[in-house]
Amino acid sequence: QNRSVFMTKVKIQYTGDLRTVCTHLDSGIRIETDAPKDVGGKGAAFSPTDLLGVSVASCMLTTMALAAARLGFDLEGLAAEVEKEMVSVPVRRIGKLVIRIRCPHSPSPQIQGKLEQAALGCPAHASLHPEVKQEIDFVWGI
């Protein structure tokens, strides 16, 4: 049983020169993409595959913040960095994502564990293909 709980609509317009404009219809907020230089783009904006990595890390932070709110813990200053590695065999795709999550606070080990589990259970992370290698690193109290 696979039921959709909520649906979001985004309009994507190809604008030429390997670029797109993506518009979130509810808010009107726009994101531009550009193909990376290695495939003929200018690399002047996020590539579509960059956005996949950004989506996973952003979802992890958001899911951690939701869990922290339930636990009464403040995550202000929480941040992430993403590195994306492409592979070309058997097809061009993301081969590896390295996500570094840093928090200036030092919660108890119990809360840390709950927040890390929340991050690893976020919907975007759960949607990654199993062949995408992942290196997730949490650092607390920096």
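Note that the structure is predicted; figures quoted are calculated from it, not measured.
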Same hydrophobic cluster for [X] and [Y], using side-chain heavy-atom links shorter than 4.5 Å among ILVMFWY?
| X | Y | answer |
| --- | --- | --- |
| F46 | L18 | no |
| L61 | F138 | yes |
| L128 | V98 | no |
| M60 | L51 | no |

Full working for side-chain contact (heavy atoms from CB on, under 4.5 Å) between L97 and E135: CA-CA 6 Å; L97 288 176; E135 185 179 311; over 6 Å; no
Hey, are the side chains of [X] and [Y] touching, using non-hydrogen atoms and a 4.5 Å cut-off?
| X | Y | result |
| --- | --- | --- |
| Q117 | L120 | yes |
| Q13 | T20 | no |
| I94 | M86 | yes |

Crowding at CD1, I142 (>12 non-hydrogen neighbours, <6.0 Å):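 Correct, the count exceeds 12.
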Test: D26 and K9 ion pair at under 4.0 Å: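 Not counted as a salt bridge, because no side-chain N and carboxylate O are separated by less than 4.0 Å.
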Short N-O contact, R93 and E131, less than 4.0 angstrom: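 A salt bridge links R93 with E131.
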Kindly compute the distance separating [atom1] ([X]) from [atom2] ([Y]), expressed to the nearest 0.5 Å.
| X | Y | atom1 | atom2 | answer |
| --- | --- | --- | --- | --- |
| I111 | E116 | CD1 | CD | 12.5 Å |
| M64 | C103 | CE | SG | 6.5 Å |
| I101 | L78 | CD1 | CG | 6.5 Å |
| T23 | I31 | OG1 | CD1 | 9.5 Å |
| Y14 | T33 | OH | OG1 | 9.5 Å |
| D137 | R102 | CG | CZ | 4.5 Å |

Would you name the heavy atoms of [X] and [Y] that are closest together and state the gap between them?
| X | Y | answer |
| --- | --- | --- |
| V82 | G53 | CG2-O, 3.7 Å |
| C22 | I12 | SG-CG1, 3.9 Å |
| P123 | C59 | CD-SG, 3.5 Å |
| P36 | R92 | CG-NH2, 3.9 Å |

Main-chain N/O of [Y] paired with [X] side-chain donor or acceptor, under 3.5 Å:
| X | Y | answer |
| --- | --- | --- |
| H125 | V56 | no |
| D34 | R19 | no |
| H105 | P107 | no |

Partner residues of H24 under the side chain to side chain donor-acceptor pair (under 3.5 Å) criterion, sequence neighbours left out: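 Listed in chain order: S27.
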Residues forming a side chain to side chain contact (heavy atoms under 4.5 Å, CB included) with K114, sequence neighbours excluded: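 Partners of K114 under the side chain to side chain contact (heavy atoms under 4.5 Å, CB included) test: L71, Q110.
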Contact list for residues 43-64, test salt bridge (charged side-chain N to carboxylate O under 4.0 Å, His left out), sequence neighbours left out: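 Listed once each, the pairs are D50-K84.
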Sequence neighbours excluded - salt bridge (charged side-chain N to carboxylate O under 4.0 Å, His left out) pairs with any residue from residues 118-129: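 Pairs touching residues 118-129 that pass the test: none.
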Residue list, salt bridge (Lys or Arg N to Asp or Glu O under 4.0 Å) with K42, at least two apart or on another chain: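 If we apply the salt bridge (Lys or Arg N to Asp or Glu O under 4.0 Å) test to K42, skipping adjacent residues, the hits are D17.
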Listed once per pair and sorted, the side chain to side chain donor-acceptor pair (under 3.5 Å) pairs that draw on residues 52-81, sequence neighbours left out: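 Residue pairs passing side chain to side chain donor-acceptor pair (under 3.5 Å), neighbours aside: none found.
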